Amino acid sequence: MRKRIRILVLNGPNLQLLGTREPDVYGRVTLADIEASLQQTANELGIIVECRQSNHEGQLVDWIGEAVGAFDGLVINAGAYTHTSLALRDAIAGTGLSACEVHLSNIMARETFRHESRLAGVCVGMVAGFGAASYSWGLQALVHWLKSREYGEILKQS
Ligand code: CA2
């Protein structure tokens with residue numbers, strides 16, 4: 001039987017506050033709601049997702065490093081570390097994990113300091129600005145990308 005695709009979903013600093021503060025910017029959906037909806041999307045896609053959140057950059061770096069061999073891809077909302085963290089960028093690049101960056105808000109439509117993402121250049125792509133749906137669409141896009149890449153490899157070998 002074909003092995004199921006496994007995706008690690010990482011959330012960075014302060015995202016545990018979702019739904020409790022700044023609803024005008026980030027909406028009323030909680031992180032638990034987002035994780036439940038990702039589990040539902042995963043069931044529909046026939047894949048496995050595991051969701052984790054940390055406020056600590058080093059913890060996120062460790063999880064990315066440990067994901068090699070255990071997961072096929074990464075969906076990441078690094079929160080404010082998006083704009084600052086060379087360590088997270090290096091972790092994604094160093095592991096070679098296929099990653100999709102997601103954001104609730106459209107970072108390009110906000111303050112200029114949010115316009116730059118340190119992670120974007122080492123990710124397959126980004127989904128931003130669609131609230132909680134960014135996660136579900138990011139997950140679907142990444143799974144589609146992984147399957148197409150695998151199909152390309154099969155074609156190359158045959
Ligand atoms: O739009 C996104 O998903 C962000 O990654 C959210 C980060 C922000 O620093 C990025 O520029 C864009 C902020 C996450 C903190 O979330 C909160 C939620 C509720 C209340 C306070 C913070």
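Read the numbers this way: they start at 1 and go in the same order the structure lists the ligands and their atoms. These numbers come from a predicted model, not from an experiment.
N11 and Y135 form a side-chain donor-acceptor contact under 3.5 Å, judged by distance and modelled atom types alone. A donor-acceptor contact closer than 3.5 angstrom links the side chains of S117 and E101.
With N77 contributing its side chain and H103 its backbone, the two residues share no donor-acceptor pair below 3.5 Å. With hydrogens and angles ignored, the 3.5 Å screen pairs a side-chain donor or acceptor of R89 with a backbone N or O of R118.
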Please set out all donor-acceptor pairs under 3.5 angstrom arising from side-chain atoms of residues 60-68, sequence neighbours excluded.
none

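By the neighbour-count criterion of 12 heavy atoms within 6.0 Å, atom CD of Q59 is densely surrounded, having more than that number from other residues, nucleotides or ligands.
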Between the protein and ligand 1, are there any N or O atom pairs that come within less than 3.5 Å of each other, and if so, what are their names and distances?
{"from": "ligand 1", "atom 1": "1 (O)", "to": "L104", "atom 2": "N", "distance (Å)": "3.4"}
{"from": "ligand 1", "atom 1": "1 (O)", "to": "S105", "atom 2": "N", "distance (Å)": "2.9"}
{"from": "ligand 1", "atom 1": "1 (O)", "to": "S105", "atom 2": "OG", "distance (Å)": "2.5"}
{"from": "ligand 1", "atom 1": "3 (O)", "to": "N77", "atom 2": "ND2", "distance (Å)": "2.9"}
{"from": "ligand 1", "atom 1": "3 (O)", "to": "L104", "atom 2": "N", "distance (Å)": "2.8"}
{"from": "ligand 1", "atom 1": "5 (O)", "to": "N77", "atom 2": "OD1", "distance (Å)": "2.8"}
{"from": "ligand 1", "atom 1": "5 (O)", "to": "H103", "atom 2": "ND1", "distance (Å)": "2.9"}
{"from": "ligand 1", "atom 1": "9 (O)", "to": "A80", "atom 2": "N", "distance (Å)": "3.4"}
{"from": "ligand 1", "atom 1": "9 (O)", "to": "R114", "atom 2": "NH1", "distance (Å)": "2.9"}
{"from": "ligand 1", "atom 1": "11 (O)", "to": "H83", "atom 2": "NE2", "distance (Å)": "2.7"}
{"from": "ligand 1", "atom 1": "11 (O)", "to": "R114", "atom 2": "NH1", "distance (Å)": "2.9"}

